[in-house]
S.K.: 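Here it is: the structure, laid out below.
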Amino acid sequence: MQSALNIATEEQKKTAKPRKRVPFSFILAGIAILGAMIYLVYANTQSSAVYYLTVPELHHCTDCMARSVRVSGIVQQGSIKRNDQTQVITFSIADSNQALPVTYSGVVPDIFKPGVQVVVEGHYTGSGPFTAQTLLAKCPSKFQSATPTAK
């Protein structure tokens, strides 16, 4: 005679659904998608993780002529020249008493003026001006509040 407990476990075995197996193609597709996501994250962080050089570092760089580089410096007083017809601006940036002439064509940031630290991204041929495709002006670390004017 079987006990009630044994009968209950046998019935559970009969009514229990068999475990479904995940097709191998789904596992393979999941691994491929995960690998693609990891690659995209890695590739994007590597391209945006380019640090900028200083002007002296650019002058001493041997392989900078073959690639796009970022250079940081302070805009020199009296060096800004604008050509409104061609929308080209030329200026010089300096760091550690070494200057670099820059040519830029595009939208100029509102805070761009002499004495502001800028980062330019573009190509340098070793002679002539640095040709910038991007011009970023660094915001000052402290802003002064405007004093209200009386009406």
Side-chain angles (χ1 to χ4, degrees), residues 9 11-149:
T9 56
E11 286 180 17
Q12 284 178 350
K13 288 179 184 177
K14 290 179 185 176
T15 60
K17 294 180 182 178
R19 186 172 172 217
K20 291 185 180 181
R21 293 186 53 158
V22 177
F24 183 70
S25 60
F26 284 173
I27 295 172
L28 195 59
I31 291 171
I33 291 171
L34 183 63
M37 288 174 48
I38 290 171
Y39 170 74
L40 289 173
V41 168
Y42 174 77
N44 285 331
T45 56
Q46 290 302 315
S47 66
S48 65
V50 176
Y51 297 104
Y52 54 80
L53 303 170
T54 61
V55 175
E57 289 172 342
L58 179 68
H59 288 306
H60 296 300
C61 184
T62 57
D63 67 334
C64 291
M65 295 175 205
R67 59 184 171 94
S68 180
V69 293
R70 291 181 185 164
V71 183
S72 173
I74 307 290
V75 178
Q76 294 300 291
Q77 187 74 28
S79 68
I80 300 174
K81 293 176 181 57
R82 298 177 191 258
N83 186 340
D84 292 331
Q85 292 175 342
T86 59
Q87 298 295 319
V88 174
I89 184 169
T90 59
F91 57 96
S92 291
I93 60 174
D95 190 11
S96 302
N97 296 325
Q98 291 190 16
L100 175 70
V102 178
T103 301
Y104 173 70
S105 176
V107 178
V108 178
D110 291 337
I111 61 173
F112 179 80
K113 63 182 179 181
V116 172
Q117 185 177 9
V118 295
V119 176
V120 291
E121 183 176 4
H123 298 282
Y124 184 59
T125 61
S127 63
F130 182 90
T131 306
Q133 280 84 34
T134 307
L135 171 64
L136 303 169
K138 287 195 165 187
C139 294
S141 59
K142 294 181 182 177
F143 287 98
Q144 296 176 355
S145 61
T147 56
T149 58

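Scope of the values below: all heavy atoms of this structure, side chains included, with no hydrogens, waters or symmetry mates.
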S.K.: With the side chain counted from C-beta on, respond yes when Ile111 and Cys139 share a heavy-atom pair under 4.5 Å apart, and no when they do not.
M.R.: yes
S.K.: Roughly how far, to the nearest 0.5 Å, is the CZ atom of Phe91 from the CG atom of Leu100?
M.R.: 9.0 Å
S.K.: Which value, rounded to the nearest 0.5 Å, describes the distance between Leu58 atom CG and Met65 atom CE?
M.R.: 8.0 Å
S.K.: Carefully, step by step, assess Lys113 and Val75 under the rule side-chain contact (heavy atoms from CB on, under 4.5 Å).
M.R.: CA-CA 7 Å; Lys113 63 182 179 181; Val75 178; over 6 Å; no
S.K.: Give a yes or no on this: more than 12 heavy atoms of other residues, nucleotides or ligands lie within 6.0 Å of atom CG of Asp110.
M.R.: no
S.K.: Do Arg82 and Val108 come close enough that some side-chain heavy atom pair is under 4.5 Å?
M.R.: yes
S.K.: Within a strict 4.5 Å, meaning less than it, do heavy atoms of the Ile80 and Phe112 side chains meet?
M.R.: yes
S.K.: Out of curiosity, Ile93 CD1 to Ser79 OG, how far, rounded to the nearest 0.5 Å?
M.R.: 9.5 Å
S.K.: So with a 6.0 Å cut-off around CG of Asn83, is the heavy-atom count from everything else above 12?
M.R.: yes
S.K.: Quick check: closest heavy atoms across Cys64 and Leu53, and the distance to 0.1 Å?
M.R.: SG-CD1, 3.7 Å
S.K.: Is the closest side-chain heavy-atom distance between Leu135 and Pro109 below 4.5 Å?
M.R.: yes
S.K.: Got a second to check how far Glu57's CD is from Tyr52's OH, nearest 0.5 Å?
M.R.: 10.0 Å
S.K.: Which atom pair, heavy atoms only, marks the closest approach of Gln76 to Ala94?
M.R.: NE2-CB, 3.1 Å
S.K.: Within the structure provided, determine whether Phe130 and Val120 are in side-chain contact (heavy-atom separation under 4.5 Å).
M.R.: yes
S.K.: Do Met37 and Val41 make a side-chain contact, defined as non-hydrogen atoms from C-beta onward lying under 4.5 Å apart?
M.R.: no
S.K.: Report the residue from Thr90, Thr131, Ile89, Val88 that forms a side chain to side chain contact (heavy atoms under 4.5 Å, CB included) with Ser105.
M.R.: Val88
S.K.: For residues Cys61 and Arg67, report the shortest heavy-atom separation together with the two atoms involved.
M.R.: SG-NH2, 4.1 Å
S.K.: Would you say that Ser96 contacts Thr54 through its side chain, given a criterion of any heavy-atom pair below 4.5 Å between the two side chains?
M.R.: no
S.K.: Specify the closest pair of heavy atoms between Val116 and Ala137, including all atoms of both residues, with the distance to one decimal.
M.R.: CG1-CB, 4.2 Å
S.K.: Measure the CZ-CZ distance between Arg21 and Phe26 for me, rounded to the nearest 0.5 Å.
M.R.: 14.0 Å
